[in-house]
Engineer: 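What follows is a structure written as structure tokens; I'll ask about it next.
Proteins get letters first, then strands, A, B, ... in listed order; numbering begins at 1 in each. For clarity, every value in this text was computed on a predicted model and none was experimentally measured. Side chains included, hydrogens not; waters and symmetry mates left out as well; all remaining heavy atoms used.
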Protein chains: 2
Amino acid sequence: MVELTRKQREIEKRTQEILRVAKPILVREGFHALSMDRVAAAMEYAKGTIYNHFPHKEEIVLALAIESMALRRKLFQTAAGWDAPHRVRLMAIGCACEFYTQHCSDDFAIEQWIRNVNVWDKSSTARQDLIRRCEGECMAIVSSVVHAGVASNELVLNQALTAEEFVFGFWAITFGSQILTASSPSLAAVGILDPRRAIRIHCCTLLNGYRWQPIMDTDAYLNRAEELSTSIQSEFSRVRAEHYTS
Amino acid sequence: MVELTRKQREIEKRTQEILRVAKPILVREGFHALSMDRVAAAMEYAKGTIYNHFPHKEEIVLALAIESMALRRKLFQTAAGWDAPHRVRLMAIGCACEFYTQHCSDDFAIEQWIRNVNVWDKSSTARQDLIRRCEGECMAIVSSVVHAGVASNELVLNQALTAEEFVFGFWAITFGSQILTASSPSLAAVGILDPRRAIRIHCCTLLNGYRWQPIMDTDAYLNRAEELSTSIQSEFSRVRAEHYTS
DNA sequence: TGAAAATTATGACGCCGCGTCAATAATTGA
DNA sequence: TCAATTATTGACGCGGCGTCATAATTTTCA
């Protein structure tokens with residue numbers, strides 16, 4: 001029984017090794033470069049052994065995405081736990097998104113791969129469910145902040161929008177801007193020099209538009225965001241470091 | 001010389017045929033299913049002939065994306081030409097995005113393929129430039145509406161944002177929500193039942209937040225959007241039909 | 001018009017990655 | 001100790017990529 005457990009642990013450990021080997025290949029050279037033969041060669045195992053762990057490379061990508069999304073969730077939790085007015089806690093989650101995209105850029109890139117239909121459809125429902133769960137948990141963290149804002153009367157949501165639909169707007173604008181920034185050919189050429197600043201301003205306007213207290217003018221918001229971003233950064237870095245060493 | 005022209009036209013025509021054959025394969029079965037052998041077989045030409053037209057399949061995808069973006073641009077132009085207050089013209093462009101995503105879903109899907117790093121990086125700079133140009137033109141159409149709004153004093157942009165950065169916010173939220181709607185596992189499960197409606201409300205709030213006249217409350221905006229969407233639809237359909245028959 | 005030159009079409013070829021599976025090795029249990 | 005179970009291996013068949021020598025067609029020009 002002890003021996004069995006040891007063996008099982010070895011196998012589990014190797015699964016992790018596979019992911020460690022695969023991640024830089026996927027991120028730096030793309031999906032096409034990630035081949036089972038190459039992973040096997042890099043680990044000095046036979047290809048068949050790799051197939052004992054993952055039925056195809058798409059499943060490796062999903063497994064990596066699950067890890068990446070777990071890191072995102074931890075950052076969201078850290079941000080949501082910040083001691084500040086609820087509106088500022090939402091801003092902190094925005095900072096978490098910025099941190100994730102900038103300082104966990106490999107994970108950000110991996111998250112995008114699972115939006116590829118081929119990768120998604122080929123994968124097991126078990127891992128798909130894990131992804132969905134993680135996405136739901138991230139959403140729940142943000143929603144809880146909105147609910148807290150409503151509960152404390154800092155935000156009034158009329159019946160037009162649920163808290164989740166409210167969150168969806170910020171999700172869309174943040175996600176959309178980050179994808180465009182990462183993949184749109186030459187934003188600068190069409191006159192968008194500082195997309196992050198522009199999106200911060202839009203989020204401020206949107207929050208003010210919903211009258212989420214305290215109302216802030218653009219300059220106050222940008223200053224607060226910058227200050228917040230700086231002060232919360234070390235927390236994020238710690239969470240990130242812990243995530244990578246576990 | 002006449003003969004030469006005839007031959008050249010035949011070749012050009014065949015390039016189009018290749019795109020016609022490739023499009024449904026790419027859209028319905030994905031990038032992996034699009035193989036040069038298959039295109040050649042479907043057209044009853046030898047593979048080498050296909051390679052005379054496109055150096056690899058990535059270039060076919062980019063060529064398809066150029067066509068798709070041209071359709072988007074035409075829809076934007078149609079919307080921007082709508083006879084209405086500038087704020088409503090911007091809404092009309094939003095309707096164009098919705099129409100494109102819903103009723104030109106193949107083209108919408110193709111546009112996303114070029115965000116794939118492998119596809120983009122492998123393609124010729126000539127086609128990349130065409131894409132960039134088309135994206136710039138779309139941006140210019142939307143910007144022109146914003147500039148018109150500013151010129152007519154319906155919108156006041158303080159120095160915090162340029163017109164392009166203003167547009168970027170709507171681009172991000174619209175694009176982001178459409179990508180999430182198309183690719184995010186089970187939005188409904190996390191409580192977002194009608195993403196389009198939610199995003200319309202957010203856009204309304206954002207426009208109101210910037211005080212773009214005429215200010216509309218949520219219900220008025222939703223009604224106006226619905227009405228606009230219906231009345232402009234036949235124009236969009238006409239543009240779409242023309243695009244496909246040319 | 002007819003033959004040489006230029007252009008275009010063909011598909012077999014070498015290479016690579018996928019996923020399989022029969023054979024082999026290692027581990028377990030009694 | 002040895003049979004049963006489990007894990008590992010890598011050769012194999014398949015299919016797609018992109019090439020290129022060869023064949024077919026078209027153009028040029030005398």
Engineer: Atom CE of B:M36 to atom P of D:dG16: distance rounded to whole Å?
Structural biologist: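 Answer to the nearest Å: 13 Å.
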Engineer: Write down the atom of B:L34, the atom of B:A22, and the distance for their closest heavy-atom approach.
Structural biologist: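 Where B:L34 meets B:A22 most closely, the heavy atoms are CD1-CB, 3.7 Å.
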Engineer: Please tell me whether B:H243 and B:K74 have a donor and an acceptor in their side chains that are separated by less than 3.5 angstrom.
Structural biologist: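 The answer is yes; a qualifying pair exists.
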Engineer: Can you tell me how far P of D:dC14 sits from CG of B:D37, to the nearest Å?
Structural biologist: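 Value for this atom pair: 16 Å.
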Engineer: I want to confirm an ordering. Mapping B:R14 and B:K47 to their closest nucleotides on DNA chain C, which one lands closer to the 5' end?
Structural biologist: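 This one resolves to B:R14.
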Engineer: Using only side-chain N and O atoms of B:K122, determine if any of them is under 4.0 Å from OP1 or OP2 of D:dC17.
Structural biologist: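 No.
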Engineer: Check the distance between D:dT27's C1' and B:E10's CD and give it to me in whole angstrom.
Structural biologist: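 Going from B:E10 (CD) to D:dT27 (C1'), I get 14 Å.
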Engineer: Figure out the CD1/C1' separation between B:I50 and D:dG16, and round it to whole Å.
Structural biologist: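 Rounding to the nearest Å, CD1 of B:I50 and C1' of D:dG16 are 15 Å apart.
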Engineer: Regarding A:Y100 and A:Q178, do their side chains bring together a donor and an acceptor under 3.5 Å, going by distance alone?
Structural biologist: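 Note: A:Y100 and A:Q178 side chains miss the donor-acceptor criterion.
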Engineer: Starting from P on D:dT8, measure out to CD on A:E44 and report it in whole angstrom.
Structural biologist: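 In whole Å, D:dT8 P and A:E44 CD are 15 Å from each other.
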Engineer: Quick one: label B:K57 by what it contacts on the DNA or RNA (base, sugar-phosphate, nothing), any heavy atom closer than 4.0 Å.
Structural biologist: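 Here B:K57 touches the backbone only, sparing every base.
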Engineer: May I have the distance from B:N118 (atom CG) to D:dC17 (atom P), rounded to whole angstrom?
Structural biologist: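 For the pair B:N118 CG and D:dC17 P, the rounded distance is 14 Å.
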Engineer: From the set C:dT10, D:dG10, D:dA7, return the single nucleotide nearest to any side-chain atom of A:I11.
Structural biologist: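 Shortest atom-to-atom distance from the side chain points to D:dA7.
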Engineer: Just to verify, what does A:F99 make a ring-ring contact (aromatic ring centres under 6.0 Å, His included) with, not counting sequence neighbours?
Structural biologist: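 Partners of A:F99 by the ring-ring contact (aromatic ring centres under 6.0 Å, His included) criterion, ordered by chain and then number, come out as A:H103, A:F236.
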Engineer: Which of residues 27-35 of chain B have a heavy atom under 4.0 Å from DNA chain D?
Structural biologist: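 Of all residues in residues 27-35 of chain B, the ones placing a heavy atom under 4.0 Å from DNA chain D are B:L34, B:S35.
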Engineer: How about B:S229 and B:E98: does a side-chain donor come under 3.5 Å of a side-chain acceptor?
Structural biologist: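 No donor-acceptor contact under 3.5 Å links the two side chains.
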Engineer: Test of understanding: with side chain to side chain contact (heavy atoms under 4.5 Å, CB included), list the residues that count as partners of A:A33, not counting sequence neighbours.
Structural biologist: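 With neighbours one apart ignored, the set is A:I25, A:E29, A:R38.
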Engineer: What is the minimum heavy-atom distance between A:W120 and A:I114, and which atoms define it?
Structural biologist: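 Distance-wise, the nearest heavy atoms are CB-O, 3.6 Å.
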Engineer: Round to the nearest Å and state the distance from A:N52 atom CG to C:dG19 atom P.
Structural biologist: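 Checked: the CG to P distance equals 14 Å.
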Engineer: Specify the separation, in whole Å, of atom CD of A:E58 and atom P of C:dG19.
Structural biologist: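 That distance rounds to 6 Å.
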